[in-house]
Amino acid sequence: MPDRFVRVALGVTLGLLIAFVAQPYILAFLYSADAPRSVTARGDLSAAEKTTVDLFARASPSVVHVFAQAAAQGRALMEPDDEFGQGPGGGEQQGSGTQTGTGFVWDAAGHVVTNNHVVEAATKGGGSISVRLASGEVVGARVVGTAPSYDLAVLQLGRVAKMPPPLAVGTSADLKVGQSAFAIGNPFGLDHTLTTGVISALQRRLPTQEGRELSGVIQTDAAINPGNSGGPLLDSAGRLIGVNTAIFSPSGASAGIGFAVPVDVVNRVVPDLIKNGRVRNPGIGIIAGQEATAARLGIDGVVVLRVLPGSPAAQAGLRGVDPRTGTIGDVIVGANGRPVHRLSDLTAVVEEAGLDRPVNLLVERDGRVRTVRVKTADVAQTRL
C-alpha cells in the first residue's frame with residue numbers, strides 16, 4: 001500500500017512538472033495571434049481631448065519654423081547646425097551656425113513674430129533668415145524691427161504661395177493661475193510639437209537686454225525646450241496669451257519652468273515694430289545705479305546715477321550722483337502711489353503709464369521726501 005501511494009504521488013508530481021514545462025508551448029499553440037487582430041472600438045474622444053485636438057488644428061497652421069543663418073566664417077557647409085530656443089537668462093549656447101526657433105503669423109500681410117534672440121546673430125552679422133511654413137514651404141524673410149528690451153522681433157515673409165492665417169489674439173490681463181496653457185513650437189527641430197500644462201504663476205520678472213527687466217511675465221509648466229523660443233503660448237480657446245521666450249533649467253532642457261512675454265505687451269510692441277522698425281520705450285531720462293551697490297549702502301529705492309540733458313527728468317529737476325564727490329543726489333522710492341524698491345518697480349509703472357503721460361515720483365534727497373511730477377517720453381537709448 002505505501003509503495004502504491006508513493007508511485008501515485010510521483011506520477012502526479014511528474015505530470016504537474018510536465019504540464020508546467022509545457023504550458024508556454026501549449027498556450028502558444030492554442031492562442032497565438034498569427035493574424036491581424038480586430039480593432040476594438042474606442043468610442044468618442046473626451047471633451048477635453050476634443051478641445052485640444054481642435055485647438056491644435058486651428059492654431060498650428062499659423063506657427064512657423066524660423067532659421068537664422070549667421071554670416072559664414074570659414075564654416076564647413078555640411079557641419080551640423082546647433083538648435084537654439086532657450087532664451088535669455090536660461091543658459092542658451094550661441095554658436096556660429098544656424099539658430100532655429102519658432103514664430104507665428106501676426107497678420108494677413110505676412111508679418112511673423114518671434115524672439116529677438118532667435119534672429120539676433122543673423123541681423124548683426126549680415127546673415128540670412130528663412131521660414132518654413134506648416135505646409136512645408138520654405139520662404140525667405142527679412143527683419144522689420146527688433147525690440148531687445150522685450151526679446152521680440154518682427155519678420156516679413158517673402159512671396160508665399162498661400163499665406164497662413166494670423167493667430168487669434170487674446171489678453172493676458174485676466175489670466176488665472178491654474179488655467180490650461182498650450183505651447184506649439186519646434187523643440188530640438190521637431191516641427192509643430194504641442195505641449196500642454198497650466199499657468200503656474202503670473203507677474204514674474206525676466207531680465208532682458210539693455211539693462212531692463214520685463215515685468216508681468218507668465219510662468220508655465222507646459223514643456224518648453226530649445227527650439228520653442230518665439231512660439232505661441234495659447235489659452236484653451238486657442239488665443240495667443242504669450243510668446244515663449246525662456247526656460248529655467250540647469251540641464252538646458254525643460255524642467256517645468258518656462259516663461260512667456262505676456263500678449264498685452266506683445267500687442268503693444270509689435271505694431272510699433274511694424275510701423276517704425278523699433279519700439280518707443282516710455283521713460284523719464286535717467287540712468288539708474290546698480291541695485292547691488294544700492295543694497296550694500298542700505299538704500300531702498302532706485303538711485304539716480306545720471307540725468308540725461310533735455311530729458312523729462314532733467315526738466316523736472318532730478319539730480320544724479322555728483323561725479324566729483326560721489327555724493328548721492330536723488331533716490332526714487334515711489335511712483336504713482338506704489339513703492340519703488342528696484343528698477344523693475346519703476347519700469348513697470350512707467351510702462352503702464354505709456355508715452356507722454358505724467359508720473360508722480362516720490363524722491364528722497366538729503367533725507368527729505370518730496371513729490372516730483374514727470375512726463376514720460378521716448379527714451380530708447382537709456383535704461384529708463
Side-chain angles (χ1 to χ4, degrees), residues 39-66 85 100-115 131-139 155 157 160-202 218-225 227-245 247 254 256 258-267 270:
V39 176
T40 302
R42 71 166 310 279
D44 292 335
L45 296 173
S46 68
E49 288 175 315
K50 287 181 179 178
T51 298
T52 304
V53 170
D54 292 342
L55 179 149
F56 182 78
R58 292 195 313 271
S60 60
S62 305
V63 180
V64 302
H65 200 163
V66 179
T100 72
T102 305
F104 56 90
V105 178
W106 179 260
D107 57 26
H111 289 111
V112 168
V113 176
T114 186
N115 280 150
V131 173
R132 182 163 61 210
L133 308 181
S135 63
E137 180 183 4
V138 178
V139 297
L155 311 178
L157 294 177
V160 180
K162 182 180 180 182
M163 186 67 67
L167 199 62
V169 174
T171 178
S172 48
D174 57 0
L175 294 179
K176 306 294 183 185
V177 173
Q179 75 178 75
S180 297
F182 305 83
I184 302 177
N186 308 293
F188 306 109
L190 300 172
D191 287 4
H192 288 79
T193 297
L194 172 69
T195 54
T196 65
V198 299
I199 294 175
S200 305
L202 297 168
I218 302 166
Q219 180 183 327
T220 179
D221 69 346
I224 298 173
N225 284 290
N228 274 108
S229 279
L233 186 69
L234 309 170
D235 64 10
S236 57
R239 306 179 307 162
L240 178 72
I241 57 173
V243 176
N244 299 318
T245 190
I247 63 173
S254 177
F259 300 99
V261 181
V263 68
D264 289 351
V265 173
V266 178
N267 211 3
V270 168

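Side chains are part of it too, since the values below use all heavy atoms of this structure and drop only hydrogens, waters and symmetry mates.
- Within the 3.5 Å criterion, the main-chain N or O of Ala222 finds no donor-acceptor partner in the side chain of Thr195.
- Atom CG of Asn186 and atom CG of Asp191 lie 5.0 Å apart (nearest 0.5 Å).
- Residues Phe182 and Ser236 meet the side-chain proximity criterion, which asks for heavy atoms closer than 4.5 Å.
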Open item on the list: Run Lys176 and Ile199 through side-chain contact (heavy atoms from CB on, under 4.5 Å) and show every step you take.
Closed with: CA-CA 7 Å; Lys176 306 294 183 185; Ile199 294 175; over 6 Å; no

Task: side-chain contact (heavy atoms from CB on, under 4.5 Å) evaluation trace for Val243 with Phe104 - done: CA-CA 9 Å; Val243 176; Phe104 56 90; 3.7 Å; yes

Task: Residues Leu157, Met163; criterion side-chain contact (heavy atoms from CB on, under 4.5 Å); working and verdict - done: CA-CA 9 Å; Leu157 294 177; Met163 186 67 67; 4.0 Å; yes

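- Val266 places a side-chain heavy atom less than 4.5 Å from the side chain of Trp106.
- Asp264 and Thr171 are linked by a side-chain donor-acceptor pair at a separation below 3.5 angstrom, with hydrogens and angles left out of the test.
- Between the side chain of Asn228 and the backbone N or O of Asn225, at least one donor-acceptor pair lies under 3.5 Å.
- The two atoms that bring Leu45 and Arg42 nearest to each other are N-NH1, 3.2 Å, heavy atoms only.
- Interatomic distance, OG1 of Thr220 versus CZ of Phe259, reported as 10.5 Å (0.5 Å rounding).
- Summarising the geometry, atom CZ belonging to Arg58 is positioned 9.5 Å from atom CG belonging to Leu234; distances are rounded to the nearest 0.5 Å.
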TODO: Take Leu240 and Leu233, measure what side-chain contact (heavy atoms from CB on, under 4.5 Å) needs, and give me the verdict at the end.
DONE: CA-CA 6 Å; Leu240 178 72; Leu233 186 69; 5.8 Å; no

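- Considering only heavy atoms from C-beta on, Val66 comes within 4.5 Å of Leu155 through its side chain.
- For Ser62 (side chain) and Pro165 (main-chain N/O), a donor-acceptor pair under 3.5 Å exists by modelled atom type.
- Nearest heavy-atom pair across Asn244 and Ala183 is ND2-CB, 3.7 Å.
- In this structure, Gly170 and Val263 approach most closely via the heavy-atom pair O-CG1, 3.5 Å.
- Closest of all the heavy-atom pairs between Leu167 and Pro232 is CD2-CB, 3.5 Å.
- We find the CD1-OG1 distance between Ile184 and Thr196 to be 11.5 Å, quoted to the nearest 0.5 Å.
- Checked by atom type and distance alone, the side chain of Ser200 pairs as donor or acceptor with a backbone atom of Asp221 at under 3.5 Å.
- We find the CG-CZ distance between Leu55 and Arg239 to be 11.5 Å, quoted to the nearest 0.5 Å.
- Separating the OG1 atom in Thr100 from the CZ atom in Arg132 is a distance of 9.5 Å, to the nearest 0.5 Å.
- Residue Thr114 comes nearest to Gly103 through the heavy atom pair CB-CA, 4.2 Å, listed as atom of the first residue, atom of the second, then distance.
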